[in-house]
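In what follows, a structure is listed as structure tokens, so that the remarks can point back to it.
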Amino acid sequence: MSAVTRFAPSPTGYLHIGGARTALFSWLHARQSGGRFVLRIEDTDRERSTEEATEAILDGLRWLGLDWDDGPFFQSERMGRYREVLDHWLETGQAYHCYRSKDELDALREAQMKRGEKPRYDGYWRDRDGDPPAGVTPCIRFRNPLEGEVVFDDLIRGRVRVANEELDDLVICRADGSPTYNFCVVIDDYDMGITHVVRGDDHLSNTPRQVNMLRALGVEPPAYAHVPMILGDDGKRLSKRHGAVSVMQYETEGYLPEALMNYLVRLGWAHGDQEVFSREEMLRLFDLGEVNASASAFNPGKLKWLNEQYLRSLEPGEVAARLVTYLERAGLDPQTGPDLGALVLAQRERCSTLVELVDNSRFFFEEFDTYEEKSARKHLAADALQPLEACRMALEQLPQWEAERIHAVVQGVAEQQELKMGKVAQPLRVAAAGCAVSPPIDATLALLGRERSLRRIDRALEHARAAG
RNA sequence: GUCCCCAUCGUCUAGCGGUUAGGACACCGCCCUUUCACGGCGGUAACGGGGGUUCAAGUCCCCCUGGGGACGCCA
């Protein structure tokens, strides 16, 4: 059976980690059944909804590769439809006008809490006819059943039962005429043919009311899957304090969308001992019904590890293509350096992110002003002169500037001068990179090119002489 | 305050009545090594507590504790 699922964010901020995972689960469930994935923007709160936020959310989804089949639909453009149902319900008595003011409601709530009761609307206007107070614009409330219970089977939480006694008559249309979330969701999910509602479990307690409204509409509710929330790495609620909460922040920091997706799919779900899942594997193996019911903490360290895995296993050319943007952002011109595929191959096993890869590769693209102090003191001292000079001479003679030949030179010099490899390679490294960290010296020089390499060795020789 | 939910190493998790409680990240050793890394090998580390049910409980039930969510004319 093919499923129709949806992702329905409210455009009040960027796409965050929790939303991204909900979207992923929802997307996977639709895609693995050959169904449809609907995108709907829940912007009934005009005060807080912004166009920028909508764009930010779409950007996030696109970056992650979570493509949608229908939409984006905007609730703000569906007011006519909501009005239609509202009027109908008013007519049939399934909804009614309520003239309670906010102040009255606040007082009511406070009094109930004080008495140790669950705060709820008292139903004052539920069965009251005529003489509404003058000058008060009413809101509209749904007439929730008083008896019986709502039962539904949540794919993740199992059977959920709530007595109607626990529920009150919720506001479905504000005094200003705008319909509210719980109402719009119900109409939309029905109109859009949603078969599986996948959403954060903070909505679990809304579900019974929604089921009642669906029943009022005379239709069967969809299947529900309430996914647990994601906690910060301190076990508390995820927030700005935990570093990157926006999905796009990870893009900025040089993470690969593949890695983030992989991390997210494993948060609350597992398939035996498997840690790495390609998109195809996710589609094949993921099962909404296997998702854990408990919240899980976001672990940046593991995401980083996954990013390293993808950095190393993706085609170098693929990584190189994505590297271009990052080089430019760092103010480097990709044209002034080595072949990017080769660079990725040389650097990827010592980097966690694309940003780090760029940072560690600056010296391939531009000259550096100074040597890293400690490294220069240690490796560009007087004892570096002889091996450096010998290398310089032999390298200059090389008919072909390739890693293997360079390696032979370094090894030859070490043997000739009866030095350990480190005594030869390290001075060369500092000469070439400006610091004591780089890919293997033969690969480093090969990537750097003959001219640049020799020039930098000359400069290092000067430095060593001056220091000696 | 009221209602609801959740509970295995620090973290993500496997487990679905009988296991030396497994894997991964992180951490710590050792090996490899021209740097930094990668990699390989090994190690520390968990069933929150108390009652039941059962020949047998991490696994089922209840209570406690801890954590979370909901209780808006927010979504």
Side-chain angles (χ1 to χ4, degrees), chain A residues 8-12 42-45 47-49 75 98 100-102 105-106 109 112-121 137-141 157-158 160-163 166-168 170-182 184-185 199-206 208 226 228-229 231 233-237 263 266-276 292-306 308 312 347-351 360 375 379 407 410-411 414 419-430 433 435-442 444:
Chain A
S10 64
T12 53
E42 313 223 310
D43 57 349
T44 53
D45 185 354
E47 304 272 293
R48 301 198 305 162
S49 302
Q75 291 188 322
C98 168
R100 277 281 204 229
S101 72
K102 275 187 193 180
L105 257 18
D106 287 344
R109 201 167 11 247
Q112 287 167 327
M113 296 255 272
K114 200 176 277 178
R115 267 182 270 133
E117 292 167 19
K118 183 175 180 170
R120 68 221 294 201
Y121 178 62
T137 340
C139 65
I140 301 174
R141 287 182 185 271
R157 313 302 287 259
V160 178
R161 348 172 49 116
V162 176
E166 297 291 328
L167 275 20
D168 63 357
L170 74 158
V171 172
I172 55 178
C173 184
R174 303 178 183 89
D176 69 3
S178 61
T180 62
Y181 163 78
N182 273 296
C184 299
V185 167
R199 64 197 351 175
D201 71 1
D202 47 336
H203 291 288
L204 186 64
S205 56
N206 287 327
H226 286 95
M229 66 182 306
L231 274 20
D233 52 0
D234 58 356
K236 294 270 189 284
R237 190 177 187 136
Y263 179 73
R266 278 284 290 101
L267 212 52
W269 175 78
H271 182 72
D273 288 341
Q274 189 170 346
E275 295 290 347
V276 178
N292 286 169
S294 51
S296 38
F298 186 79
N299 181 347
K302 188 140 184 183
L303 169 60
K304 190 171 150 188
W305 176 78
L306 274 165
E308 291 162 359
R312 285 160 207 163
Q347 287 284 45
R348 64 181 183 182
E349 67 199 26
R350 74 205 82 245
C351 303
N360 295 345
S375 307
H379 302 296
H407 182 255
V410 177
Q411 202 161 34
L419 292 169
K420 284 180 146 180
M421 280 293 273
K423 285 289 174 194
V424 184
Q426 286 304 84
L428 276 176
R429 190 185 313 282
V430 179
C435 64
V437 176
S438 88
I441 192 59
D442 48 359
T444 300

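Naming convention: chains lettered A, B, ... in sequence-line order (proteins, then strands); numbering from 1 in each chain. Computed from a prediction, not measured in an experiment: that's the story for all the values here.
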Exercise. Between S178(A) and D176(A), does a side-chain hydrogen bond (donor to acceptor under 3.5 Å, both in side chains) hold up when you go through it step by step?
Worked result: CA-CA 6 Å; S178(A) 61; D176(A) 69 3; 2.7 Å; yes

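- Among the protein residues, E42(A) comes within range of the sugar-phosphate backbone only, with heavy atoms under 4.0 Å from sugar or phosphate atoms but none that close to a base.
- For S296(A) and rU13(B), the shortest distance from a side-chain N or O to OP1 or OP2 is below 4.0 Å.
- Nearest to the side chain of A270(A), among rU34(B), rA14(B), rC12(B), sits rA14(B).
- Minimum atom distance to the side chain of R350(A) is reached by rU35(B), of the listed rU34(B), rU35(B), rC25(B).
- Considering only side-chain N and O atoms, N292(A) lies under 4.0 angstrom from the phosphate OP1 or OP2 of rA14(B).
- Among the heavy atoms of the strands lying under 4.0 Å from P439(A) is at least one base atom, whether or not backbone atoms are also near.
- S178(A) comes within 4.0 angstrom of no nucleic acid atom, judged by non-hydrogen atoms across all strands.
- rC61(B) and rG18(B) are spaced 16 Å apart, taking the P atom of each and rounding to whole Å.
- The residue I441(A) sits close to a base: some heavy atom pair falls under 4.0 Å.
- Taking the P atom of each, rG22(B) and rC47(B) are spaced 13 Å apart, rounded to whole Å.
- Spacing between rC25(B) and rU35(B) at atom C1', rounded to whole Å, works out to 26 Å.
- Atom-to-atom, CZ of F298(A) to P of rG10(B) comes out at 21 Å; the value is rounded to the nearest Å.
- Applying the 90° criterion around 0 to the glycosidic angle, rC55(B) comes out anti.
- Both A436(A) and D43(A) lie close to RNA chain B; mapped to their nearest nucleotides by heavy-atom distance, the more 5′-ward contact belongs to A436(A).
- Across all strands shown, A175(A) has heavy atoms under 4.0 Å from base atoms, whether or not it also approaches the sugar-phosphate.
- Proximity note for N299(A) (side chain, C-beta onward) versus rG10(B), rU13(B), rA24(B): the nearest is rG10(B).
- For R48(A) and T12(A), the side-chain atoms include no donor-acceptor pair closer than 3.5 Å.
- The phosphate of rG72(B) has OP1 or OP2 within less than 4.0 Å of a side-chain N or O from R109(A).
- The gap from the C1' atom of rC27(B) to that of rC12(B) amounts to 16 Å, rounded to the nearest Å.
- Residue H203(A) is classed as a base contact, given a heavy-atom separation below 4.0 Å to a base.
- Rounded to whole Å, the separation between the P atoms of rG72(B) and rG67(B) comes to 24 Å.
- Nucleic acid contact for H379(A): none, since no nucleic acid atom lies under 4.0 Å from a heavy atom of the residue.
- For R100(A), no side-chain nitrogen or oxygen approaches OP1 or OP2 of rG72(B) to under 4.0 Å.
- When the C1' atom of rA75(B) is taken as reference, atom CG of N182(A) falls 8 Å away, rounded to whole Å.
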